[in-house]
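The next block holds one structure in the form of structure tokens; read it before the comments.
A, B, ... follow the sequence lines: proteins, then strands. Residue 1 opens every chain. All heavy atoms count here, side chains included; hydrogens, waters and symmetry mates do not.
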There are 2 protein chains.
Amino acid sequence: MAGAVTVRDVARLASVSASTVSRALSASNLVAPHTRDRILAAAAQLGYSVNTSARGLITGRTSNFGLVVPDLENPYFASVTKGVQGRALSEGYAVFVADSDEDVRAEIELVRKLASQVDGLILCSPRMSDEDLGQIARDTTMVLINRRLPQVDSITVDDTEIVRQALGHLYALGHRTVSYAGGPATSWSDSQRRNGIRLALTDLPGLEVVSIGSFPPVFDGGLSAADLAAASGATAVLAYNDLMALGILSRLQARGIRVPEQMSVVGIDDVSAATLVSPALTTVRAPLRKVGTAAVDALIDRILPERRDLPPEALPIHLMIRDSTSVPHRSAVPLTSREDAGLNERSSNAKQ
Amino acid sequence: MAGAVTVRDVARLASVSASTVSRALSASNLVAPHTRDRILAAAAQLGYSVNTSARGLITGRTSNFGLVVPDLENPYFASVTKGVQGRALSEGYAVFVADSDEDVRAEIELVRKLASQVDGLILCSPRMSDEDLGQIARDTTMVLINRRLPQVDSITVDDTEIVRQALGHLYALGHRTVSYAGGPATSWSDSQRRNGIRLALTDLPGLEVVSIGSFPPVFDGGLSAADLAAASGATAVLAYNDLMALGILSRLQARGIRVPEQMSVVGIDDVSAATLVSPALTTVRAPLRKVGTAAVDALIDRILPERRDLPPEALPIHLMIRDSTSVPHRSAVPLTSREDAGLNERSSNAKQ
DNA sequence: TTGTAAGCGTTATCAC
DNA sequence: GTGATAACGCTTACAA
């Protein structure tokens, strides 16, 4: 799009050959400082900028990455995208961003389309099947986020630990029946979290977790989940992510169910929107931008000839629990005492 | 990145020449249906995908667009990006997305970097000066969003109308002193809105609008603005955008100032986060995704040889006022009666 | 340290 | 309707 200035033009003005111009511009120090300066000046004067198509044709590299996310309007993916974009740029890569709109077909299509014009691909929370993913992985340099697949580098957060902390928090507050509002059935993170729930249960005697279903991982999904949570008999609800938690908050309030007095709500991720509400959402923070930057680093490691086959990386999470939408259950008992089934009824009979 | 399969390989397998393969793949109907099918089959069998660098080198076009936004984590820009990305894709373009982090230097850098490898650029709410912008516009095919510049296509919303509706709404509710929490001083939209305020004042006798400053167009900016709004003597506050409005909401609540009873709050844009809070934010909706799709359409119009030099386009806004964070002022008077300065004191003296 | 020359994979031009 | 051939702008042996 820029000017039709070529290396030959610069070469002519600087009284050198085209190859010397090329060398001077490729950050090579194979050129005499004096000549180099002259070339750079000529290039600047002419407003030269390299034709990336021509360079890519001969080098076989594009200096571009592709990123595919399920939904840019989901603040989770917006943050990851910001992380990816920032790091890629500082490493000299531009980033194609594609939004699959949570659609598996579109996702596969986008990946195929982008794969042919980038040096590497980052797939964030891909919804496609392991088979499709594996097939693509065969001839594509890529890094996964929130998904694991043999032979493929991936960045994940410790979902088991997230769930353990969320449930441990509620347990410590005296909650013994907690409902879980799950994310998309095709979401790897959701299955990880359900596993995490199973593991956590062994450490938390007397705790019961009721799954109330799978929902779209957004605000509206939370709206749907809220009524089921209210009917589940649970005193607290853990949502697949913050957006759902906010939807649950909204619906519960609309129904006159007070949070946190009557129902505690805990989200996951600590997306930017979690602090936009009052009271602020209790949530377990995941390092969203860092997930993005780590993915870029892993991708570059894959491309460079030196390092290879990094082990899958799980980023640590932060304890980021806010006591605003979660409080001690009214039947709260010290952690050391055993469960007393009678407590619930008694306290609910007591006026004030 | 894909296989090293070239047109020659496909040509050999289909027993035709490379040129014919090229024609068959370029959606040309200059090739016999029978031959075409054979070629397509061969291409599929070999897993051929065109080398975009080689194509770009000869055609001079990349089929790529660039989009530069100030902040991907701002839901406003996330929505616009989603709109751009979706439309571009369906028109056969991939999109480089770049985030300037609200930094003018970075913005200029990004634009220069992307300009050389795309067919056109979309600059959303650019923060750079008119001079810098004009210089870039000279040798760049581009479309602006939320900014006007002579000779450059641009997509904007009707800021004057937005402000008129927001202030008209508050005025109808009886508010006579409204504070305005402005956006970045370098924001064209903000200056448009300040103009809009001046215009609106002539239609709303007795209305006073107090500017309380310029703030970062995000939640934290609203936090800063809230105290000034509270001290301004106004009974309502209009924020530059929804994120700031949410910040104002949060800070007012933290200070024990009840919304909307003691202070009405109105935002602008109706970003997705506006409905995440309870009560839902009163706001004037802008068609965010449509802004993005319209920008792509304008860009394509610029590129295609046929149409050219479209007049700047201003997208209509929607009346989307929610009566949750804005209510009648306690000194509300019918629109037909004139101002009565005594009302305020009387009502504030009345107990209950 | 610099120049010469070849060639990357594709499409456009021009024959046939 | 199809095939040769040249050319796009650049990088990289290889030579000097």
Side-chain angles (χ1 to χ4, degrees), chain A residues 1-43 46-64 92 115-119 139 305, chain B residues 1-43 46-64 92 115-119 139 305:
Chain A
M1 207 176 66
V5 184
T6 76
V7 279
R8 305 186 73 93
D9 298 321
V10 178
R12 201 173 305 125
L13 182 57
S15 309
V16 293
S17 74
S19 40
T20 306
V21 173
S22 173
R23 278 187 281 256
L25 266 39
S26 297
S28 301
N29 39 10
L30 302 162
V31 104
H34 175 66
T35 328
R36 202 183 113 89
D37 292 345
R38 202 151 33 95
I39 291 172
L40 261 41
L46 265 44
Y48 170 82
S49 73
V50 59
N51 180 320
T52 55
S53 293
R55 168 179 285 176
L57 178 56
I58 187 122
T59 62
R61 289 176 301 96
T62 62
S63 290
N64 294 151
S116 68
Q117 54 182 327
V118 298
D119 295 344
D139 44 31
Chain B
M1 207 176 65
V5 184
T6 76
V7 279
R8 304 187 75 92
D9 299 321
V10 178
R12 202 174 304 124
L13 181 58
S15 308
V16 293
S17 75
S19 344
T20 307
V21 172
S22 174
R23 278 188 282 257
L25 265 39
S26 297
S28 301
N29 39 10
L30 302 162
V31 106
H34 176 65
T35 328
R36 202 183 113 88
D37 292 346
R38 203 151 34 96
I39 292 171
L40 260 43
L46 266 44
Y48 170 82
S49 73
V50 60
N51 181 320
T52 54
S53 293
R55 169 179 285 175
L57 178 55
I58 186 98
T59 62
R61 288 176 301 98
T62 63
S63 291
N64 295 149
S116 68
Q117 52 183 326
V118 298
D119 294 345
D139 43 29

Taking side-chain contact (heavy atoms from CB on, under 4.5 Å) as the test, write out the residues that go with [X], two or more places apart.
| X | value |
| --- | --- |
| B/Leu40 | B/Leu25, B/Arg36 |
| A/Ala18 | A/Val7 |
| B/Asn64 | A/Phe96, A/Gln117, B/Thr62, B/Ala94, B/Phe96, B/Val118 |
| B/Ser17 | B/Ser19, B/Thr20 |

Next item on the list: Hey, which sits more toward the 5' end of DNA chain D by its nearest nucleotide, A/Arg61 or B/Arg8?
Entry: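 Its nearest nucleotide lies further toward 5', so the answer is B/Arg8.
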
Checklist line | Which residue lies more 5' along DNA chain D, comparing B/Leu57 with B/Arg38 via nearest heavy atoms | finding: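 It is B/Arg38, whose closest nucleotide lies nearer the 5' terminus.
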
Does [X] reach the main-chain N or O of [Y] with its side chain, forming a donor-acceptor pair under 3.5 Å?
| X | Y | result |
| --- | --- | --- |
| A/Asp119 | A/Arg61 | no |
| A/Thr35 | A/Val31 | no |
| A/Arg38 | A/Ala14 | yes |

Next item on the list: May I ask you to say what A/Thr35 touches in the nucleic acid, namely base, sugar-phosphate or nothing, with a heavy-atom cut-off under 4.0 Å?
Entry: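 Result for A/Thr35 = sugar-phosphate.
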
Margin query: At 4.0 Å (heavy atoms only), tell me whether B/Thr59 reaches a base, stays on the sugar-phosphate, or touches nothing.
Written below: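 Here B/Thr59 touches the backbone only, sparing every base.
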
Next item on the list: Can you see which heavy atom on A/Ala43 is nearest to which on A/Val10, and at what distance?
Entry: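 Nearest pair, atom of A/Ala43 first, then A/Val10: N-CG1, 3.9 Å.
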
Item checked: Nucleotides bounding contact with chain A, strand DNA chain D, heavy-atom threshold 4.0 Å ->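 It runs D/dG9 to D/dA13.
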
Check: For DNA chain C, which nucleotides open and close the run of contacts to chain B, 5' to 3', at under 4.0 angstrom from a non-hydrogen atom?
Finding: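 Boundary nucleotides touching chain B, in 5' to 3' order, are C/dG9 to C/dT13.
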
